[in-house]
Amino acid sequence: MCGNNMSAPLPATVPAVRKATAAVIFLHGLGDTGHGWAEAFAGIRSSHIKYICPHAPIMPVTLNMNMAMPSWFDITGLSLDSQEDEPGIKQAAENVKALIEQEVKNGIPSNRIVLGGFSQGPISGINRDISILQCHGDCDLLVPLTFASLTAEKLKTLVNPANVTFKTYEGMRHSSCQQEMMDIKQFIDKLLPPVD
């Protein structure tokens, strides 16, 4: 990671096959690392895109009886009225901002960087003109489909509603599937076409 958290390991990356003219920064979910997502992106990568999958710092998570695990911020509960860890979310956003700034220094224009995440992977600092792809399994027992639908509706109030695509996947739990990864690839390739 970047920013003030020097103890986190370097992100898992999938380098571009040729000169990188775009980047994808993808944040894993609670208790995970960037390695599995880097492997998933290696399977669908486009040759001009660098994929960066940072690792969250290890911290106690209230939801999991204060057990220390990789987490972008603390989670106190999964209900709609659960208190949010605003300072932790802001710190995670600063860490992501530092990753973006590093890629800009590496020569990738900011409009050629896509940010994504799974489950807890935070996305903030929304620009009204950005495109959003939100995916969710219809059998997710951890984060109910109702919560995902509410999120999609909230996103439509923050950005141009025509730019929000919400897809569900039949039989998918709190995970990913091949069709979802292909939809993600298509979304990324549309936003980040080759420039040379």
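Position 1 is the first residue of the sequence; numbering continues from there. None of these values were measured; they are calculated from a predicted model.
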### Summary
The reported gap from CE in Met181 to CD1 in Ile44 (rounded to nearest 0.5 angstrom) is 3.5 Å
### Query
If you group Ile, Leu, Val, Met, Phe, Trp and Tyr by side-chain heavy-atom gaps below 4.5 Å, do Val61 and Met67 land in one group?
yes
### Task
Could you tell me whether the side chain of Arg128 and the main chain of Leu158 form a donor-acceptor pair under 3.5 Å?
yes
### Task
Test Glu180 against Met172 for side chain to side chain contact (heavy atoms under 4.5 Å, CB included), laying out the working first.
CA-CA 10 Å; Glu180 179 188 31; Met172 190 172 84; 3.7 Å; yes
### Query
What are the two closest non-hydrogen atoms of His55 and Ala12, and how far apart are they?
NE2-N, 3.6 Å
### Query
Hey, does Pro54 have a side-chain heavy atom less than 4.5 Å from the side chain of Asn95?
no
### Query
So, Ser82 versus Ser79: side-chain donor-acceptor pair below 3.5 Å or not?
yes
#### Entry: Ile25 CD1 to Gln102 CD distance, which is reported to the nearest 0.5 Å
10.0 Å
### Query
Minimum heavy-atom separation for Arg45 to Pro15, with atom names?
NH1-O, 3.3 Å
### Task
State, with a plain yes or no, whether a side-chain heavy atom of Ile184 is found less than 4.5 Å away from one of Leu133.
yes
### Message
I need the Thr165 OG1 to Ile132 CD1 distance, nearest 0.5 Å.
### Response
9.5 Å
### Message
Return the CD to SG distance between Gln179 and Cys135, rounded to the nearest 0.5 Å.
### Response
9.5 Å
#### Entry: Expected output: side-chain His48 to main-chain Leu192 donor-acceptor under 3.5 Å
yes
### Query
Can Phe187 be reached from Val195 by stepping across I, L, V, M, F, W or Y side chains whose heavy atoms are under 4.5 Å apart?
no
#### Entry: Closest heavy-atom pair and its distance - Trp72, Pro57
CE3-CD, 4.3 Å
#### Entry: Non-hydrogen side-chain atoms of Pro194 and Thr21 separated by less than 4.5 Å
no
### Query
Is a donor on one side and an acceptor on the other found under 3.5 Å between the side chain of Arg173 and the backbone of Cys139?
no
### Query
Going by distance alone, is a donor N or O of one side chain under 3.5 Å from an acceptor N or O of the other, for Thr62 and Asp74?
yes
### Query
Does the ring center of Tyr51 lie less than 6.0 Å from the ring center of Phe26?
no
### Query
Is Val24 linked to Phe118 within one hydrophobic cluster, defined over Ile, Leu, Val, Met, Phe, Trp and Tyr using a side-chain heavy-atom separation of less than 4.5 Å?
yes
### Message
For His35 together with His28, are the ring centres under 6.0 Å from each other?
### Response
no
### Query
Is there a donor-acceptor contact under 3.5 Å from the side chain of Asp140 to the main chain of Leu142?
yes
### Message
Which heavy atom of Ile52 sits nearest to which heavy atom of Ala23, and what is that distance?
### Response
CD1-CB, 4.4 Å
### Message
Donor-acceptor check, side chain of Asp138 to backbone of Thr168, threshold 3.5 angstrom: yes or no?
### Response
no
### Task
State yes or no: do Met59 and Leu63 share one hydrophobic cluster built from I, L, V, M, F, W and Y residues joined by side-chain heavy-atom distances below 4.5 Å, directly or via other members?
no
### salt_bridge(Glu103, Lys50) N-O dist < 4.0 Å
yes
### Query
Just how far is it from atom OH of Tyr169 to atom OG of Ser176, taken to the nearest 0.5 Å?
8.5 Å
### Task
Measure across Ser119 and Val143 and return the closest heavy-atom pair with its distance rounded to 0.1 Å.
OG-CG2, 4.5 Å
### Query
Do Ser46 and Lys185 have side-chain atoms, one donor and one acceptor, less than 3.5 Å apart?
yes
#### Entry: Residues Lys90, Glu86: salt bridge by 4.0 Å N-O rule
yes
### Query
Do His136 and Phe166 have side-chain heavy atoms sitting under 4.5 Å apart?
yes
### Query
Is it true that Met69 and Ile89 fall in one hydrophobic cluster, defined by side-chain heavy atoms closer than 4.5 Å?
yes
### Query
Does any N or O in the side chain of Arg112 come within less than 3.5 Å of the main-chain N or O of Pro193, such that one atom is a donor and the other an acceptor?
yes
### Query
Any side-chain heavy atom of Phe147 within less than 4.5 Å of one from Leu80?
yes
### Query
Of all heavy-atom pairs between Leu30 and Ser71, which one has the smallest distance, and what is that distance?
CD1-OG, 3.4 Å
### Spatial distance of atom CH2 (Trp37) from atom CG (Asp32) [nearest 0.5 Å]
8.0 Å
### Message
Keeping Asp85 on the side-chain end and Phe73 on the backbone end, is there a donor-acceptor pair under 3.5 Å?
### Response
no
### Message
Please check: side-chain N/O of Gln134 versus main-chain N/O of Ala148, any donor-acceptor pairing under 3.5 Å?
### Response
yes
